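See structure below.
For clarity, every value in this text was computed on a predicted model and none was experimentally measured.
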Number of protein chains: 2
Amino acid sequence: MESRINRIKKQLHSASYKLTPQREATVRVLLEYEEDHLSAEDVYLLVKDKSPDIGLATVYRTLELLTELKVVDKINFGDGVSRYDLRQEGADHFHHHLICIECGSVDEIQEDLLGDVEKKVEHDFNFKVKDHRLTFHGICWRCHDKVENEREEPSASKKK
Amino acid sequence: MESRINRIKKQLHSASYKLTPQREATVRVLLEYEEDHLSAEDVYLLVKDKSPDIGLATVYRTLELLTELKVVDKINFGDGVSRYDLRQEGADHFHHHLICIECGSVDEIQEDLLGDVEKKVEHDFNFKVKDHRLTFHGICWRCHDKVENEREEPSASKKK
DNA sequence: CTGCTTGCAAACGCTTTGCATATGA
DNA sequence: TCATATGCAAAGCGTTTGCAAGCAG
């Protein structure tokens with residue numbers, strides 16, 4: 001964990017960016033909430049908790065920086081907000097997302113499912129793939145189970 | 001073409017929406033520029049050409065309507081603008097996009113490449129897939145060819 | 001010391017909304 | 001007729017930017 005921060009610091013450094021406390025605080029929040037898909041505002045509020053003297057603009061600028069360094073990926077799920085997702089270390093591809101249209105949850109698939117598809121695209125369309133974005137919309141296992149249970153015990157203990 | 005408009009009109013009708021000239025004009029533009037990925041503003045300007053008395057807000061409202069009816073898909077390529085893409089008639093899946101990081105062009109793949117992947121997702125993650133979004137970022141065949149040619153005739157006719 | 005960073009507030013650009021008017025069914 | 005749809009302008013909202021002050025290297 002600490003080592004991961006240091007590696008990111010080094011990346012900043014070698015791109016000749018300064019290591020300011022604000023940037024470090026932002027990176028720490030991103031690591032801490034790695035599971036989530038935070039918006040800039042989310043990050044801002046979380047950073048502000050620990051370092052109250054940070055401005056929203058700085059968070060935006062830091063996130064832009066980290067996107068440029070490929071530390072995070074900027075993603076867009078169609079609501080009007082950009083979200084920022086830490087890249088797995090050493091990952092050469094962008095991970096996939098499962099968005100539940102029932103509960104709105106977002107799960108991640110780290111495994112690369114597109115190897116064969118990309119080969120086909122490169123061959124059939126003569127398109128040199130550098131990156132991809134793949135999102136599935138549907139029903140997550142939690143909501144799926146919920147429906148199952150309700151069907152199994154229709155009049156029984158109905159949870160409110 | 002004309003029949004396609006009529007079918008869309010019928011869809012509007014059966015959802016008890018009125019068939020106004022503004023809506024028809026908007027649909028016509030979408031059909032005419034089916035290849036492109038127009039933003040709301042793009043559509044507005046094109047519609048305005050033929051029917052000058054239309055407001056931007058109406059275009060936004062119509063596009064929202066058509067999205068709801070699944071006549072178009074609202075897509076987002078990461079620039080701050082929403083784009084609207086006509087669905088293929090009868091298509092149950094959303095088509096894929098190839099975005100060139102050199103020239104910015106956007107090509108479409110109508111063919112569904114994700115059949116196997118979706119099966120895997122449903123099985124491995126117990127996620128019921130309803131729709132998907134897939135975008136590849138890379139070098140399109142045009143830019144690829146350009147680089148090839150420059151390599152073949154390095155000092156020859158260099159285009160500026 | 002000096003140029004990169006910051007916080008603040010203002011500006012920006014896309015999109016949505018309130019409202020009085022117009023109109024399709 | 002009359003609920004729905006429209007145009008306009010204003011408001012909304014996430015994001016970016018100008019600038020003077022601050023700070024890391």
Do the side chain of R61(B) and the base of dG7(D) come within less than 3.5 angstrom through a donor-acceptor pair of N or O atoms?
yes

In whole angstrom, give the distance that lies between atom CZ of R23(B) and atom C1' of dG24(C).
10 Å

Using a 4.0 Å heavy-atom cut-off, does S16(B) contact any base of the nucleic acid, only the sugar-phosphate backbone, or nothing at all?
nothing

Counting only side-chain heavy atoms from C-beta out, which of dT15(C), dG7(D), dG24(C) sits nearest to I54(B)?
dG7(D)

Does Q22(A) place a side-chain N or O at less than 4.0 Å from the phosphate oxygens OP1/OP2 of dC23(D)?
no

How would you label the contact of E64(A) with the nucleic acid (heavy atoms, under 4.0 Å): base, sugar-phosphate, or nothing?
nothing

Does a nitrogen or oxygen in the side chain of T58(A) sit under 4.0 Å from OP1 or OP2 of dT5(C)?
no

Quick one: D79(B) CG to dG14(D) P, roughly how many Å, whole number?
19 Å

Please compare Y17(B) and V81(A) by the position of their nearest nucleotide in DNA chain D and report the one closer to 5'.
Y17(B)

Going from CD on Q11(A) to CG on L66(A), what distance comes out if it is rounded to the nearest 0.5 angstrom?
9.0 Å

Let me spell it out: for each of G80(B) and A57(B), pick the nucleotide of DNA chain C with the closest heavy atom. Which residue's pick is nearer the 5' end?
G80(B)

Taking atom P of dC14(C) as reference, at what distance in whole Å does atom CG of L45(B) sit?
11 Å

Euclidean distance, atom CD of residue E68(B) to atom C1' of dT4(D) [Å, nearest integer]
14 Å

Would you say T20(A) places a side-chain N or O within less than 4.0 Å of OP1 or OP2 belonging to dT6(C)?
yes

Could you tell me whether the side chain of H132(B) and the main chain of L114(B) form a donor-acceptor pair under 3.5 Å?
no

Before accepting this row, confirm whether a basic side-chain N of the pair D131(A)/R87(A) lies closer than 4.0 Å to the acidic partner's carboxylate O.
yes

Given dT15(C), is OP1 or OP2 found less than 4.0 Å from the side-chain N or O atoms of Y60(B)?
yes

Checking N6(A) side chain against S3(A) main chain: does a donor-acceptor pair fall under 3.5 Å?
no

Atom-to-atom span, CG of L56(A) to P of dA11(C) - whole angstrom:
18 Å

To the nearest angstrom, the CD-C1' distance between E24(A) and dT5(C) comes to 16 Å

Rounded to whole Å, CG of L12(B) lies from P of dG24(C) at a distance of 15 Å

Name the residue closer to the 5' end of DNA chain C, choosing between S39(B) and L65(A) according to the nucleotide with the nearest heavy atom.
L65(A)

Given atom CG of L63(B) and atom P of dT15(C), what is their separation to the nearest angstrom?
10 Å

V129(B) backbone acceptor or donor facing E122(B) side chain under 3.5 Å:
yes

